[in-house]
Amino acid sequence: LPLKETGFSFVNHIFTMIVYKDMLTGDELISDSFGLHDVVDAEGNKIPGLKECESKLIVAGGSVDIGCHDEEPDVDEETVNNIVATFELTETGFGKKKELMTYFKGYMKKLKAKLEEGAGEEGAVKKFMTEAKVVVGWLTKRFNDLQFFMSKSLDPAAMLIFSIYKEGASTPTFYFMQWGLIEEKC
């Protein structure tokens, strides 16, 4: 059917995208166009304060692919991870779980102070304090399977982005701590 017959009008629809930025640095970390959603554990319980999205391989140097094409790149073309390439993430690492815990302590302290200044939504500090232990526990239990990424600014005090290759996956799933994200409509 022609658009006119369906009742659809471009004039009456505003297309917006939400970009999620790091609350501490302002770095863009992910957008809603990548399919960001709640994390659910093996028993079907939501992990409060943690978001995830699947990644995929794209052709290096090609146009930005936000994940809406199902075509696989040609095997002869250089490929990159769509999330890593789009948001200019840099892989980093921790030798021991204790080092990760030291990072969490510093990050959580800075984030709590920022939330207390009024950044984020109303009730964010209470929500953060309630959910932080759950998220940190969930992530540290998976320490040996995690990959760690820094955002574009490479600020070591900013939010880390985590990824895990789920069983049978050829690309990782990325994880974001919700209370450190600021939504910006574009």
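What you see is a predicted model; the values in this text were computed from it and never measured. Note that these values count all heavy atoms, side chains included, but never hydrogens, waters or copies made by symmetry.
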(request) Give the intermediate values and the outcome of side-chain contact (heavy atoms from CB on, under 4.5 Å) for residues L100 and T140. (result) CA-CA 8 Å; L100 177 60; T140 55; 4.0 Å; yes
(request) Using the side-chain contact (heavy atoms from CB on, under 4.5 Å) rule, take M101 and K98 through it: C-alpha gap first, then chi angles, then the decisive distance, then the call. (result) CA-CA 5 Å; M101 293 306 292; K98 185 176 180 179; 5.6 Å; no
(message) I'd like to know whether Y20 forms a side-chain contact (heavy atoms from CB on, under 4.5 Å) with E28, so could you lay out the CA-CA distance, the side-chain angles of the two residues, the decisive distance to 0.1 Å, and finally the verdict.
(response) CA-CA 6 Å; Y20 295 91; E28 292 183 0; over 6 Å; no
(request) Go through the steps to decide whether D38 and K51 satisfy the test side-chain contact (heavy atoms from CB on, under 4.5 Å), and finish with yes or no. (result) CA-CA 5 Å; D38 294 332; K51 297 288 188 180; 2.3 Å; yes
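Summarising the geometry of V125 relative to E116, their closest heavy-atom pair is CG2-N, 3.7 Å, with the distance given to 0.1 Å. The shortest non-hydrogen separation linking N82 to T86 is O-OG1, 2.6 Å. Annotation for L89 and S151: closest pair CD2-CA, 4.0 Å, computed over non-hydrogen atoms.
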What pairs of donor and acceptor atoms, side-chain ones from residues 155-167 against any protein atom, are under 3.5 angstrom apart with sequence neighbours left out?
unit_1: D155; atom_1: OD1; unit_2: A157; atom_2: N; d: 2.8
unit_1: S163; atom_1: OG; unit_2: Q147; atom_2: OE1; d: 3.1
unit_1: K166; atom_1: NZ; unit_2: E52; atom_2: OE1; d: 3.3

Tabulate below the donor-acceptor pairs under 3.5 Å that side-chain atoms of residues 105-113 make, not counting sequence neighbours, or state none.
none

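Put simply, the side chain of L57 does not reach to within 4.5 Å of the side chain of V80, judged on heavy atoms. Here the side chains of V84 and S55 are not in contact, with every heavy-atom distance at 4.5 Å or above. With contacts defined as side-chain heavy-atom distances shorter than 4.5 Å, the pair E78/V59 does not qualify. Looking at F176 and L50, their side chains never come closer than 4.5 Å, going by heavy atoms from C-beta outward. Side-chain contact between C53 and I30: present, with at least one pair of heavy atoms (C-beta onward) separated by less than 4.5 Å.
The structure places NZ of K21 at 3.5 Å from CD of E184, a figure rounded to the nearest 0.5 Å. In this structure, the separation between CD on Q178 and CD on E131 is 6.5 Å, given to the nearest 0.5 Å. Annotation: the span from K97 atom NZ to T102 atom OG1 amounts to 13.0 Å, rounded to 0.5 Å. Here D22 contributes atom CG and K152 contributes atom NZ; the two are 13.5 Å apart, rounded to the nearest 0.5 Å. The CG atom of L154 lies 9.0 Å from the OG1 atom of T92; values are rounded to the nearest 0.5 Å. Rounded to the nearest 0.5 angstrom, I47 CD1 and M177 CE are separated by 14.5 Å.
Note: F149 and F174 meet the aromatic proximity criterion, with ring centroids under 6.0 Å apart. Residues F94 and F148 place their aromatic rings such that the two centres sit under 6.0 Å apart. You'll find the ring centres of F34 and F87 inside the 6.0 Å limit.
Between F128 and W179, the two ring planes are perpendicular [angle over 60°; tilted spans 30° to 60°].
In this structure V40 satisfies the side chain to side chain contact (heavy atoms under 4.5 Å, CB included) test with no other residue, sequence neighbours excluded.
D27 and S153 share a side-chain donor-acceptor pair at under 3.5 Å.
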